[in-house]
Amino acid sequence: MGEARDYIARTLDDSLRRRGFENLGVYIEVDRPTEEGHGDLTSNVALKVARFTKMAPKILAGELASRWPQDDIVDSVEAKGAGFLNFTLKTRWLAEVVNQVRADPAGYGASDAGQGARVLIEFVSANPVGPMVIVNGRAAAVGDSMARIMNKAGFLAHREFYVNDGGNQVLKLGQAIWLRLLEMTGIDVTTNWPEDVYPGAYVKDVAAAWRRDHPEVPLDQLGEHSWELLGDYGARVFQKQHEKVLRQFGVEFDRWFHEKELRQAHAPEAIVERLDRLGYIATEDGARWFLSERFGDDKNRVMVKSDGTMTYFVPDAAYHADKFDRGYQYVIDLLGPDHHGYVGRMRAVVQALGYPPDRLEILIIGLVRLLRGTELVRMSKRKGSFVLLEDLIEEAGVDQARYFFLERAPETPMDFDLDLAQLRDSKNPVYYIQYAGARIHGILRQWRESEQQAAPLNLDVLTSPLERVLMILLSRFPDVIARSAMDRAPQYLPRYLTELAGAFHGFYREHRILDEEAPLRQARLALIEAVLAVLATGLGLLGISLPQRM
RNA sequence: GCGCCCGUAGCUCAGCGGAUAGAGCGUCUGACUACGAAUCAGAAGGCCAGAGGUUCAAGUCCUCUCGGGCGCACCA
């Protein structure tokens with residue numbers, strides 16, 4: 001399809017030049033039409049260039065159509081409407097896509113849209129002070145699939161999880177573990193529980209685990225001086241947990257980047273010094289401020305508090321500098337909805353440090369509201385009440401959960417209906433796609449078990465409209481992936497796969513395969529094998545399985 | 001108050017400045033003695049929140065208004 005588009009665009013350009021219209025190439029667009037009956041590809045170039053050619057779009061389109069050269073790709077050209085050119089491609093040419101897919105079933109869909117650009121996608125980055133919740137699952141699904149899609153489209157994308165194990169949060173976690181340890185000795189800690197320490201009951205398990213690992217330590221020797229130690233222990237426990245749950249969810253990170261390492265290397269201090277040398281640091285009220293307003297931020301930001309400690313922002317700035325220093329051309333952050341107050345300052349610091357600010361792409365993952373039926377489930381990390389990602393995986397399954405997260409635009413707020421996600425019936429759209437694959441597997445299985453002889457493959461016999469629709473969809477696959485990668489929009493893929501599955505189901509109802517004469521049978525088998533390959537690749541990019549039987 | 005996201009069919013949402021705005025669910029009608037009915041064919045359902053503007057062309061871009069969500073710490 002891409003090939004046909006390029007060819008048509010070139011030919012249009014030639015025709016315009018022959019008429020004496022030079023340099024109109026940028027106005028040539030060849031797109032897939034939004035409506036049926038407008039051909040396989042369409043161009044609005046006659047409308048676009050009207051003000052340069054001083055020709056009525058209708059007339060120019062008519063002339064371009066009537067003088068279209070003979071070729072193997074375009075079957076017919078029609079001038080329609082206000083000046084549109086509608087191209088119908090030769091069915092035989094389209095059928096070549098079947099050979100293309102069969103030549104490399106797993107590789108089909110790849111493109112060089114990304115031109116090998118190195119990309120770092122940071123996502124989830126949940127603090128290691130508690131279990132992962134459903135919102136983390138959305139970021140995990142989006143980030144992971146985005147990386148898979150971008151890699152398929154010729155980018156070199158890496159996945160990274162930033163572990164906030166260096167700050168105050170970990171101390172607070174240590175304090176909570178300490179309190180839970182005291183509790184185990186019979187002391188009442190709940191009555192005077194400190195307000196800013198997580199009361200979540202899950203900390204009890206961590207405390208118990210620590211006790212098992214360190215039975216020799218007398219509990220009365222623990223105190224405030226132990227918080228860091230206990231916190232580090234807890235952070236490691238939770239990171240392990242995160243890794244495990246994410247792996248279950250089909251998400252692997254290329255690197256877990258520890259804030260602690262940055263601190264040990266004094267990278268945060270270096271960042272403040274760097275900004276200071278550049279003249280972007282001012283001292284006021286005993287604190288050192290980054291003058292981020294100069295770079296479009298709402299207000300200046302404290303980097304070093306008056307007590308000498310650094311704000312969370314500083315190591316994070318150092319982390320981002322590190323990303324660019326490692327040679328990534330695109331740095332993509334997927335942040336939670338509660339972080340969009342953070343975007344301005346991060347952009348500002350990147351710019352201040354001399355990195356290209358437009359290469360920092362911050363995508364805010366929309367809020368996930370949980371419903372059970374119509375009832376809103378309230379979540380609060382501080383109160384310790386929330387639905388865990390592992391519970392969701394258990395209840396809904398990986399395939400369903402990932403599909404729900406990936407079918408809509410990442411930045412839009414969504415309602416996640418736990419009841420609906422648990423439905424294991426046809427209402428769940430992921431089955432629709434998987435069922436198409438299972439049907440094809442069934443037919444291929446039956447074919448292998450039959451006594452039928454294979455015939456030489458001749459794609460000329462694929463002439464029915466329903467076959468044609470499948471071929472067009474197959475040929476669009478690389479474009480869909482490329483566009484999904486360029487727009488950072490994984491949601492294009494579920495929609496495409498639903499369309500492909502639907503086209504297959506329609507074809508399947510209408511046409512027989514194994515009952516046909518050998519040439520047609522062979523060609524249709526090849527066609528559905530190609531459909532299967534694309535379904536498998538597409539679902540694979542989404543991290544969704546394609547079972548052979550359902 | 002300021003900033004970000006969102007207002008499209010009864011519901012959940014697509015829609016890369018182009019032609020008659022789409023899909024799934026729900027509703028209604030129909031289709032299996034045939035490779036898997038978790039399927040298919042069809043119908044009904046819309047002042048794209050509202051008002052201005054830019055454009056040959058606006059659901060799409062710009063401005064304002066209204067409605068919903070979220071964020072605006074010497075917290076992380």
Side-chain angles (χ1 to χ4, degrees), chain A residues 29 31-38 42-44 47-48 50-51 56-57 80-84 86 127 129 164 166-170 172 196 259 284-289 297-299 301-313 315-316 336-344 362 364-367 369 404 407-409 411-415 417 420 424-432 434-436 438-447 450 479 483 486-487 489 491-492 494-495 498-499 501-502 504-516 521 524-525 528 549-550:
Chain A
E29 289 172 17
D31 287 311
R32 126 185 114 84
T34 46
E35 303 230 8
E36 276 183 48
H38 293 160
T42 183
S43 179
N44 56 10
L47 291 149
K48 279 270 195 294
R51 60 196 156 114
K80 290 276 272 286
F84 296 98
N86 295 337
N127 289 338
V129 296
N164 295 124
N168 201 28
Q169 294 239 13
V170 173
K172 291 276 190 264
D196 52 350
E259 179 189 355
E284 195 174 323
D285 302 330
R288 305 185 76 195
W289 298 70
D297 196 10
D298 299 341
K299 53 188 83 166
R301 307 289 174 174
V302 169
M303 291 201 123
V304 184
K305 293 184 261 180
S306 51
D307 66 3
T309 61
M310 284 175 301
T311 56
Y312 169 84
F313 174 46
D316 210 3
D338 50 336
H339 278 71
H340 64 64
Y342 204 65
V343 177
I362 301 181
I364 300 291
I365 302 291
L367 191 82
R369 293 199 312 169
F404 269 75
E407 75 170 338
R408 46 169 62 59
E411 66 272 19
T412 60
M414 69 177 277
D415 289 340
D417 186 343
L420 191 64
R424 294 184 177 274
D425 68 15
S426 55
K427 286 198 188 91
N428 215 319
V430 64
Y431 289 115
Y432 186 79
Q434 289 177 324
Y435 185 53
R439 268 182 157 172
I440 295 172
H441 271 296
I443 297 166
L444 295 176
R445 209 157 37 228
Q446 192 159 329
W447 157 250
S450 76
D479 290 346
R483 204 161 73 83
M486 299 301 283
D487 292 357
Q491 72 273 18
Y492 297 164
R495 294 179 184 285
T498 305
E499 205 179 336
F504 168 74
H505 288 309
F507 160 82
Y508 171 87
R509 272 309 275 210
E510 199 63 32
H511 296 304
R512 311 253 80 211
I513 296 164
L514 298 181
D515 299 347
E516 296 289 351
R521 178 176 68 219
R524 285 188 174 158
L525 281 169
I528 66 169
R549 298 170 196 267
M550 292 173 71

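All figures in this text were calculated on a predicted structure; none of them were measured in a lab. First the proteins, then the strands, lettered A, B, ... as listed; each starts at 1.
- Residue-level contact check: A:Tyr492 touches the backbone only, with heavy atoms under 4.0 Å from sugar-phosphate atoms and none from bases.
- Taking the P atoms as reference points, B:C47 lies 38 Å from B:C32, given to the whole Å.
- Contacts of A:Asn44 with the nucleic acid, taken as non-hydrogen atoms under 4.0 Å apart, include base atoms.
- Counting non-hydrogen atoms under 4.0 angstrom, A:Arg512 reaches a base of the nucleic acid.
- In this pair, A:Tyr342 and A:Tyr312 present their aromatic rings tilted. The plane angle is within the 30 to 60° band.
- Look at A:Tyr432 and the base of B:A38; the rings do not stack under the cut-offs of 5.5 Å between centres and 30° between planes.
- Here A:Ala82 lies out of heavy-atom contact (under 4.0 Å) with every strand.
- Look at A:Tyr342 and you won't find any side-chain N or O under 4.0 angstrom from OP1 or OP2 of B:A76.
- B:C64 and B:G22: their P atoms are spaced 32 Å apart (whole Å).
- Regarding contacts with the backbone of B:A73, every side-chain N or O of A:Lys305 stays at 4.0 angstrom or more from both OP1 and OP2.
- The residue A:Lys48 sits close to a base: some heavy atom pair falls under 4.0 Å.
- One can find a donor-acceptor pair under 3.5 Å joining the base of B:G3 and the side-chain atoms of A:His340.
- Side chain of A:Arg483, nearest nucleotide from B:G18, B:A34, B:C16: B:C16.
- Phosphate proximity of B:A38 to A:Tyr435: present, with a side-chain N or O under 4.0 Å from OP1 or OP2.
- Counting any heavy atom pair closer than 4.0 Å across all strands shown, A:Asp487 reaches no nucleic acid atom.
- Within the 4.0 angstrom heavy-atom criterion, base atoms lie near A:Asn86.
- Put simply, A:Arg509 has no side-chain N or O that comes within less than 4.0 Å of OP1 or OP2 on B:U39.
- Nucleic acid contact for A:Ile364: none, since no nucleic acid atom lies under 4.0 Å from a heavy atom of the residue.
- No hydrogens or angles were tested; on distance alone, a donor-acceptor pair under 3.5 Å links the side chain of A:Ser306 to the base of B:C74.
- Put simply, the side chain of A:His441 does not reach to within 4.5 Å of the side chain of A:Arg549, judged on heavy atoms.
- A:Thr34 contributes no side-chain N or O that forms a donor-acceptor pair with the base of B:A19 under 3.5 Å.
- Base contact: A:His511 has a heavy atom under 4.0 Å from a base atom.
- Stacking of A:Arg439 on the aromatic ring of A:Phe504 is not recorded, the 6.0 Å distance cut-off and the 45° axial limit not both being met.
- Counting non-hydrogen atoms under 4.0 angstrom, A:Ala436 reaches nothing in the nucleic acid.
- Residue A:Arg549 is classed as a base contact, given a heavy-atom separation below 4.0 Å to a base.
- Here B:C35 is the nucleotide among B:G18, B:C35, B:A37 with the atom lying nearest to any side-chain atom of A:Ile443.
- Taking the side chain of A:His505 as heavy atoms from C-beta on, and the options B:U39, B:A76, B:C35, the nearest nucleotide is B:U39.
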